[in-house]
Each structure stands twice: as structure tokens, then as C-alpha cells.
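Okay, structure first, notes after.
The sequence lines fix the lettering, A, B, ..., with proteins before strands; numbering per chain opens at 1.
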There are 2 protein chains.
Amino acid sequence: MKDQTMKLYSMPSSGNSYKVRLLLALLGRDEVPCSDVEYGSATLEQAHAHKRLPFGKAPVLQLDDGTLLPESNAILTYLGHGTRFVPTDPVTQAQMLAWMFWEQNQHEGVIAVRAALRSYAHRRADATPERLADLLTRGNALLQTMDDHLATRDWLVGADVSLADLCLYAYTHTADTRGGYDLAPFPAVLRWLERIRALPGYVGL
Amino acid sequence: MKDQTMKLYSMPSSGNSYKVRLLLALLGRDEVPCSDVEYGSATLEQAHAHKRLPFGKAPVLQLDDGTLLPESNAILTYLGHGTRFVPTDPVTQAQMLAWMFWEQNQHEGVIAVRAALRSYAHRRADATPERLADLLTRGNALLQTMDDHLATRDWLVGADVSLADLCLYAYTHTADTRGGYDLAPFPAVLRWLERIRALPGYVGL
């Protein structure tokens with residue numbers, strides 16, 4: 001029997017899941033419950049077995065009719081549609097998506113991966129000094145790209161906060177504590193992180 | 001002085017650039033010129049030096065007012081806006097974006113990377129047997145995900161071709177010739193590739 005209410009399958013420690021929880025909080029949508037999943041747990045295996053995770057990963061948003069929507073950034077666009085977090089101008093909207101694709105193609109594969117290698121016991125075998133050093137160099141270059149861009153503006157695109165900011169906040173705001181990156185050389189990024197933390201309704205990871 | 005016409009900075013051998021050229025061809029937009037860039041070439045360095053490639057990568061779409069839009073999939077959404085390639089229903093549109101984020105986060109980092117390791121002389125040092133074997137296993141799992149999904153439908157989302165199909169076609173249609181993947185175990189993928197090749201206006205890589 002299908003479960004017929006909107007629900008977020010969310011992995012508590014994951015930045016990809018957190019970015020959706022952050023948007024839900026900023027939108028005041030307390031009515032959407034979260035169902036926690038953990039990799040390797042019976043809960044996740046059960047969820048996967050029941051085809052609740054189409055790409056085998058959290059987060060997944062279950063819609064009211066039972067439709068399952070995977071991919072954190074696609075979920076953001078769905079929930080953000082028609083809100084202040086999605087610019088209406090087509091060019092600004094495309095620029096927002098450009099940062100979000102960059103996040104999934106570049107930023108997450110470096111900064112989130114270095115954090116995972118340092119945090120999760122089952123990833124420790126892959127955490128060689130060479131790999132951690134390479135991810136440090138590449139991550140610093142990505143943070144520099146963000147810092148250069150934010151040096152002259154408050155938000156990544158347009159004149160207001162957008163999904164691009166929430167999306168990139170997720171793994172950037174723990175780049176120091178989890179990823180081992182020094183954020184001091186990126187003052188524009190640090191100011192931007194504070195700006196997001198000050199948004200009404202903000203919740204932490 | 002700014003160059004004030006729409007133009008695509010495109011890398012001829014790259015699937016990410018090709019997917020934009022394919023959409024332009026299917027839309028019959030022959031008026032948009034392509035400016036070829038090659039990594040390591042004077043042309044690319046010059047383009048980069050002139051800040052024509054915001055993330056240091058092709059493709060980049062230059063708009064009529066000089067705005068530079070990076071990221072292949074963001075360019076697709078911009079050019080596809082209001083055409084048959086973008087579903088109007090918000091759920092189907094979000095599902096389209098889910099496949100496009102999956103392509104950049106999973107598919108491209110495996111299938112396109114294996115092709116690059118086999119094709120480009122400067123990548124050969126990274127092309128260890130272990131790495132190629134790992135990318136083969138992971139790529140086959142990704143192709144299986146597509147095949148399972150396409151077994152019961154003609155297109156990745158909705159009832160018609162969308163940007164999700166064009167996006168994933170780019171690196172899937174050369175997975176055999178460039179990536180060294182055997183596509184025979186994925187008959188639904190093979191039929192879907194044929195469906196895309198049959199679209200009016202289709203151009204090859």
C-alpha cells in the first residue's frame with residue numbers, strides 16, 4: 001500500500017540531505033516530515049528494497065501521490081518553485097542552475113569527499129595522504145572561485161539569496177570542521193556563510 | 001570592447017559541448033556560431049584570460065548582452081526554455097533536472113572519465129588497469145540504472161523527448177567506441193539511442 005503524504009527521505013549527516021531540510025525550514029514548511037536513512041543500516045536497505053531511493057541515494061522527496069523525486073538539487077528546484085529562492089528572470093535562473101550543476105560536478109566531488117574520507121570509518125582505507133593532499137589543493141581552488149565571485153556581491157546570483165546559495169552552503173559551511181580546509185584565506189566566503197546563517201528560519205546541520 | 005552576439009564556446013571532442021550543439025541543431029538555431037576551444041591551446045588560454053570561461057571549462061554560452069553562462073546543463077535549460085524539450089508540468093520538470101544532476105554527479109564522472117583516460121595522451125598516466133576496471137564496473141551499474149528505467153518507457157521523463165535525454169545521450173552514445181563499454185547487455189538503452197538519432201535535425205558529435 002502506498003504511503004500518500006509528502007515526506008523527505010533524509011540522511012542526517014549528509015550535506016545533500018541537509019540542503020533540502022534547510023530550504024524546508026526557510027520556507028516554514030514544518031508539515032513535511034523527514035524519514036532518516038543511514039547507509040548500511042536496515043532502514044536504508046529496506047527503503048532501497050522498496051524502491052524508495054531511485055538512484056540508491058538520499059535525499060529523496062516523496063510527493064503526495066507517491067512519486068519519488070531523487071537528487072538534492074532537483075528537489076530544491078521543485079520545492080523552491082515560485083518562492084523567493086528562485087529568480088524569475090530566465091538568465092538569472094540559468095545562472096543559478098549553473099552554480100548548482102557546478103556544485104554537483106566539481107565542489108561536492110572534492111570538498112564533500114574529503115570530509116567523508118576524514119569522517120567515516122569505512123572510508124578510511126581510501127584516505128591516503130596523497131589523496132587528501134590532492135583534494136586539499138583542488139578544494140582550495142574551488143573555494144577561491146567562490147571567493148573571487150563573492151568579493152563583489154552578497155549572493156551567488158542576482159540581488160537576493162537563491163537556491164544556488166543554499167546548495168553551496170551545505171558542504172562549504174563544514175569545509176573547515178569536517179573537510180579540514182582553512183577558510184581564513186576566503187573572507188568573502190566567510191561573510192557569505194554568515195549572511196545565510198542570519199536568514200529567518202535558518203536551521204543548522 | 002565587448003563582443004555582442006550570442007555565441008557558443010565549444011570544445012569539439014567534448015560530450016558536454018556536443019549536447020549544446022545537438023540542442024541548437026534540433027531547435028534549428030543555425031544562427032548561433034560556435035567558437036572552438038581546445039584545452040592547452042592558445043585559443044583556450046586566450047579565452048580563459050579574457051574571462052570567457054567562468055569556471056575554466058567549455059562549453060560557455062555568451063548571450064547577446066555579453067553575459068557568460070557556463071555549465072552545459074544550465075545552458076540546455078536556458079536554450080530549451082519554452083520549447084518541446086522542457087516539460088511544463090513542475091513534477092516532470094523536476095524529474096528532468098534530477099536526471100541532469102545525476103548525469104553531472106555520477107554518469108559523467110565515470111563514463112566520460114573512462115573515455116578521456118583511454119583517448120587523451122595527457123591522461124594516460126592516470127589510466128592504470130585498476131582504475132579502468134573500477135570505472136568499467138561502476139559505469140555498467142549506471143548503464144543498468146538507465147536500462148531498467150528505459151525498459152518500460154521511450155524517454156527518460158514524461159511522454160516526449162526532453163533535455164534529460166539529450167544530456168545523457170552525449171556520453172552514453174560513445175560509451176562503447178570511446179569508453180570501452182559493451183552496450184549489448186543494455187537493449188533498452190540501445191533502442192533509446194536510436195530514437196534520439198531519429199529526431200529531425202539530429203547532428204552527430
Side-chain angles (χ1 to χ4, degrees), chain A residues 6 16 51 53-57 59-61 63-82 86 89-110 112-113 126 134 141-142 144-146 148-149 156-157 163-164 167, chain B residues 6 16 51 53-57 59-61 63-82 86 89-110 112-113 126 134 141-142 144-146 148-149 156-157 163-164 167:
Chain A
M6 187 181 279
N16 280 330
K51 305 270 183 205
L53 306 176
F55 291 142
K57 297 186 304 169
V60 167
L61 185 69
L63 307 186
D64 284 338
D65 68 354
T67 299
L68 297 167
L69 180 63
E71 290 297 324
S72 57
N73 290 353
I75 298 171
L76 291 185
T77 64
Y78 178 75
L79 293 172
H81 183 76
V86 177
D89 168 57
V91 174
T92 315
Q93 200 174 112
Q95 289 172 321
M96 177 192 82
L97 288 171
W99 281 103
M100 295 169 78
F101 282 113
W102 181 79
E103 189 256 355
Q104 285 293 295
N105 189 252
Q106 306 280 312
H107 189 283
E108 198 240 18
V110 174
V113 165
D126 298 328
D134 176 59
L142 298 168
Q144 190 64 58
T145 296
M146 292 175 68
D148 289 346
H149 186 77
L156 287 171
V157 301
L163 299 181
C167 156
Chain B
M6 188 181 279
N16 280 331
K51 305 269 182 203
L53 306 177
F55 292 141
K57 298 187 302 171
V60 166
L61 184 70
L63 308 185
D64 285 338
D65 68 355
T67 299
L68 297 167
L69 180 61
E71 291 296 323
S72 57
N73 290 353
I75 299 171
L76 290 185
T77 65
Y78 178 75
L79 292 171
H81 184 76
V86 176
D89 167 56
V91 174
T92 315
Q93 200 175 110
Q95 289 173 322
M96 177 192 83
L97 288 171
W99 281 102
M100 295 169 78
F101 282 113
W102 182 78
E103 190 257 355
Q104 285 293 294
N105 188 251
Q106 305 280 310
H107 189 282
E108 198 240 16
V110 173
V113 165
D126 298 326
D134 175 58
L142 298 168
Q144 189 65 58
T145 296
M146 293 174 68
D148 290 345
H149 187 77
L156 287 171
V157 300
L163 298 181
C167 156

**Q.** Pairs of heavy atoms under 4.5 Å with chain B: top-ranked of A:N105, A:L61, A:L142, A:I75
**A.** A:N105
(Q) I'd like to know which of A:T145, A:D148, A:L69 tops the heavy-atom pair count under 4.5 Å against chain B. (A) A:L69
Q: Could you tell me which of A:A98, A:P70, A:G109 has the largest number of non-hydrogen atom pairs under 4.5 Å with chain B?
A: A:A98
Q | B:W102 and A:F55 aromatic ring geometry - parallel, tilted or perpendicular at 30°/60° bounds | A | parallel
**Q.** Separation of B:Y78 OH from A:T92 OG1 (nearest 0.5 Å)
**A.** 10.0 Å
Q) Where does A:Q95 contact chain B at under 4.5 Å (heavy atoms): side chain, backbone, both or neither? A) both
Q: Working to the nearest 0.5 Å, report the span between NZ of B:K57 and CD of A:Q106.
A: 4.0 Å
(Q) To the closest 0.5 Å, what do you measure between CZ (A:F101) and OG1 (B:T77)? (A) 6.5 Å
Q) Tell me, do A:L97 and B:M100 make a side-chain contact under 4.5 Å, heavy atoms counted? A) no
Q) Does B:Q104 reach the side chain of A:N73, with side-chain heavy atoms less than 4.5 Å apart? A) no
Q) Between B:A94 and A:A74, which heavy-atom pair has the shortest distance, and what is it? A) O-CB, 3.5 Å
